[in-house]
Q: 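Dropping the structure in here first, questions after.
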Amino acid sequence: MATINSGNKTTRLHSHHHTTCTRAHQIAALALVAATFFFTRLFDHSLAPCSPPYRNSFSDANHYTAPVRFLGFGNRLNLKIYVYDQDEIDGLQLLMSGRDGKISADACVKGQWGTQVKIHRLLLQSTYRTRKKEEADLFFVPSYVKCVRMMGGLNDKEINQTYVKVLSQMPYFRLSGGRNHIFVFPSGAGAHLFKSWATYINRSIILTPEGDRTDKRDISAFNTWKDIIIPGNIDDGMTINKPRLVDPLPLSRRKYLANYLGRAQGKFGRLRLIELAKEYPDKLESPVLKFSGPEKLGKTDYFLHLRNAKFCLAPRGESSWTLRFYESFFVECVPVILSDQVELPFQDVVDYAQISIKWPSTRIGKELLDYLGSISDTEIEEMITRGRRVRCLWVYALESESCSAFSGIIGELEKKVRQFHQSAETFWLHNGSLVNRDLVEFSKWKPPMPLP
């Protein structure tokens, strides 16, 4: 008998006498091994992920794993999100309809920044919504500030002042330091639309398509550990409405190897593509786009151009993200990302290497066209087929849809839920009560409250 001393305790290790191994023991051991093998196989099959419930299937001929791993986003039945009402907080209405109150949500839902309205509307209808602040896991702050700014409803100074005013009236924002509050910034500017974001909402959850603005800012407003990249807003005519604006063409009927549909904006990558199209007009289409006048390119014409190539090139513009990447999936051309700092959504479930190509923006030239030309139609078709299974994640559809941008966002938000929230201005006592620096209990906090 051996002993191990640990502090004041002595653990005794007893030795056991070994019994003789009989024929009966051997038979029993073999039976146990066989039973273990059988039940393990049965258990593995019962837990194998089911095929995703989508109409479009894809062949595994090249031994690819699924491009999107839908094992579920976890148990979300208990996730509760409180949505602030525009009349509940003084100033919130300004961020949604401007100083004159004339900018409508219907006007703001259009265009690539429409996610600010769509996410708000989907949450209002959602089963995850709660009307009780005290039971909420997360808080959603609605704002159409990108649209309001673009339509002249508020200027930058007014936006900044209004945000600060709004936040000072939210006790639960003060309680957590903003950690459980959600904001949508739907454009390349990201949270920089709120000039003082770094002071007031640097701990909050930001939903944005933009992961990098270090080209024009000292710091990026996107933080990969707390924020969520969301898909851009594709025109409903290509995603939800039936019939669609245009349908994809068979590869054999597409005129070009690749295309780039966009303005130059003085950006090197875009300028290089436009010049490359002039050098190789039979391979690369890059028409001059006009957005006003009699030759203005309409939505349908845009997608008719986009579908006429096997590859759709998506270079960086004013920011790293580009709506063209998402649009490519609905005309069924393979997107080629030419934006080195781009961040893509739902990377925990989507394998982008199976549905797209990312090429160094520093190597845009004939080498790129030669590479794309070396890819067989069979390989292109396989990438397109896999892309069909993933593109539902770019669609802002109702919660009832099993695959949508909204379901992806909810899955990401679920990961942000904490059991406990604290900030530099939150304190707690032995009885569990939460107090501020003056030892005033949370239930008695009165707005406006000082912000960091």
Side-chain angles (χ1 to χ4, degrees), residues 51-52 54-70 234 238 244 246-262 269-270 272-287 302-316 322-340 342 344 347 349-394:
S51 298
Y54 315 127
R55 277 183 309 191
N56 304 304
S57 61
F58 89 100
S59 170
D60 197 25
N62 286 334
H63 306 288
Y64 283 105
T65 55
V68 58
R69 181 172 55 86
F70 275 105
I234 306 167
M238 290 299 293
R244 293 196 297 183
V246 303
D247 290 315
L249 287 175
L251 286 185
S252 59
R253 290 180 53 194
R254 301 189 191 188
K255 184 177 179 180
Y256 299 99
L257 173 67
N259 63 30
Y260 164 59
L261 297 179
R270 294 183 170 213
R272 185 69 189 99
L273 287 176
I274 293 171
E275 289 302 315
L276 200 61
K278 294 176 181 177
E279 296 176 38
Y280 302 95
D282 57 327
K283 294 183 178 182
L284 175 60
E285 182 194 26
S286 183
Y302 171 82
F303 286 110
L304 286 173
H305 275 282
L306 201 64
R307 73 172 184 172
N308 207 21
K310 298 176 181 179
F311 299 95
C312 291
L313 309 184
R316 183 185 180 113
T322 168
L323 188 63
R324 199 168 298 101
F325 171 81
Y326 303 103
E327 293 171 335
S328 300
F329 289 90
F330 295 90
V331 295
E332 298 188 356
C333 59
V334 176
V336 180
I337 303 168
L338 301 170
S339 178
D340 301 349
V342 71
L344 299 171
Q347 292 183 39
V349 295
V350 179
D351 182 357
Y352 285 94
Q354 294 193 42
I355 60 174
S356 64
I357 295 169
K358 185 181 180 186
W359 184 267
S361 62
T362 53
R363 302 184 74 94
I364 296 175
K366 184 176 181 297
E367 181 185 15
L368 170 60
L369 296 182
D370 289 343
Y371 164 70
L372 297 178
S374 71
I375 303 173
S376 69
D377 282 0
T378 299
E379 293 171 300
I380 296 172
E381 288 280 13
E382 289 169 352
M383 293 187 75
I384 290 171
T385 301
R386 293 191 291 269
R388 290 193 194 110
R389 298 185 64 219
V390 175
R391 66 188 183 189
C392 51
L393 283 171
W394 318 150

Q: Would you call Glu275 and Arg272 a salt bridge, using N to O less than 4.0 angstrom?
A: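 Between Arg272 and Glu275 there is no salt bridge, as every charged N stays at least 4.0 Å from the carboxylate O atoms.
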Q: So, for Phe311 and Leu372, which heavy atoms are closest and what is the spacing to 0.1 Å?
A: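 Closest approach of Phe311 to Leu372: CE1-O, 3.6 Å.
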Q: Tell me whether the rings of Trp394 and Tyr352 are parallel (<30°), tilted (30 to 60°) or perpendicular (>60°).
A: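 Aromatic pair Trp394/Tyr352 classed parallel.
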Q: Go through it in stages, so that I can follow the logic: the residues are Leu313 and Leu284, the test is side-chain contact (heavy atoms from CB on, under 4.5 Å), and I'd like the CA-CA distance, side-chain angles, deciding distance and then a yes or no.
A: CA-CA 10 Å; Leu313 309 184; Leu284 175 60; 3.7 Å; yes
Q: Walk me through it: do Val350 and Leu344 pass the test side-chain contact (heavy atoms from CB on, under 4.5 Å)?
A: CA-CA 9 Å; Val350 179; Leu344 299 171; over 6 Å; no
Q: Please step through side-chain contact (heavy atoms from CB on, under 4.5 Å) for the pair Tyr302 and Arg324, ending with a clear verdict.
A: CA-CA 11 Å; Tyr302 171 82; Arg324 199 168 298 101; 3.7 Å; yes
Q: For Ile357 and Tyr371: C-alpha separation, side-chain torsions, deciding distance, then whether side-chain contact (heavy atoms from CB on, under 4.5 Å) applies.
A: CA-CA 11 Å; Ile357 295 169; Tyr371 164 70; 4.1 Å; yes
Q: Is there a donor-acceptor pair closer than 3.5 Å between any side-chain N or O of Arg391 and the backbone N or O of Phe330?
A: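 Absent.
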Q: Got a second to check how far Glu381's CD is from Thr378's OG1, nearest 0.5 Å?
A: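 It comes to 7.5 Å.
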Q: What pairs of donor and acceptor atoms, side-chain ones from residues 251-259 against any protein atom, are under 3.5 angstrom apart with sequence neighbours left out?
A:
residue	atom	partner	partner atom	Å
Arg254	NE	Leu249	O	2.9
Arg254	NH1	Ala309	O	3.1
Arg254	NH1	Glu332	O	2.8
Arg254	NH2	Leu249	O	2.7
Arg254	NH2	Glu332	O	3.1
Asn259	ND2	His305	O	3.2
Asn259	ND2	Leu306	O	3.1

Q: Taking only residues two or more places apart in sequence or in another chain, which ones pass salt bridge (Lys or Arg N to Asp or Glu O under 4.0 Å) with Asp377?
A: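 With sequence neighbours excluded, Asp377 shows a salt bridge (Lys or Arg N to Asp or Glu O under 4.0 Å) to Lys310, given in chain and number order.
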Q: Side chains of Met238 and Val246: does their closest heavy-atom pair fall under 4.5 Å?
A: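 Sidechains of Val246 and Met238: in contact.
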Q: Name all residues meeting the side chain to side chain contact (heavy atoms under 4.5 Å, CB included) criterion together with Ser286; count only those two or more places apart in sequence or in a different chain, and write none if there are none.
A: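 With neighbours one apart ignored, the set is Tyr260, Ile274, Ala277.
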Q: Locate the shortest heavy-atom distance separating Pro335 from Ile355; write the atom from each residue and the value.
A: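 For Pro335 versus Ile355, the nearest heavy atoms are CD-O, 3.7 Å.
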Q: Going from OG on Ser361 to CD1 on Ile337, what distance comes out if it is rounded to the nearest 0.5 angstrom?
A: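 Those atoms lie 12.0 Å apart.
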Q: Sub-3.5 Å donor-acceptor pair from the side chain of Arg307 to the main-chain atoms of Asp247, do we have one?
A: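 Side chain of Arg307 to backbone of Asp247: a pair is present.
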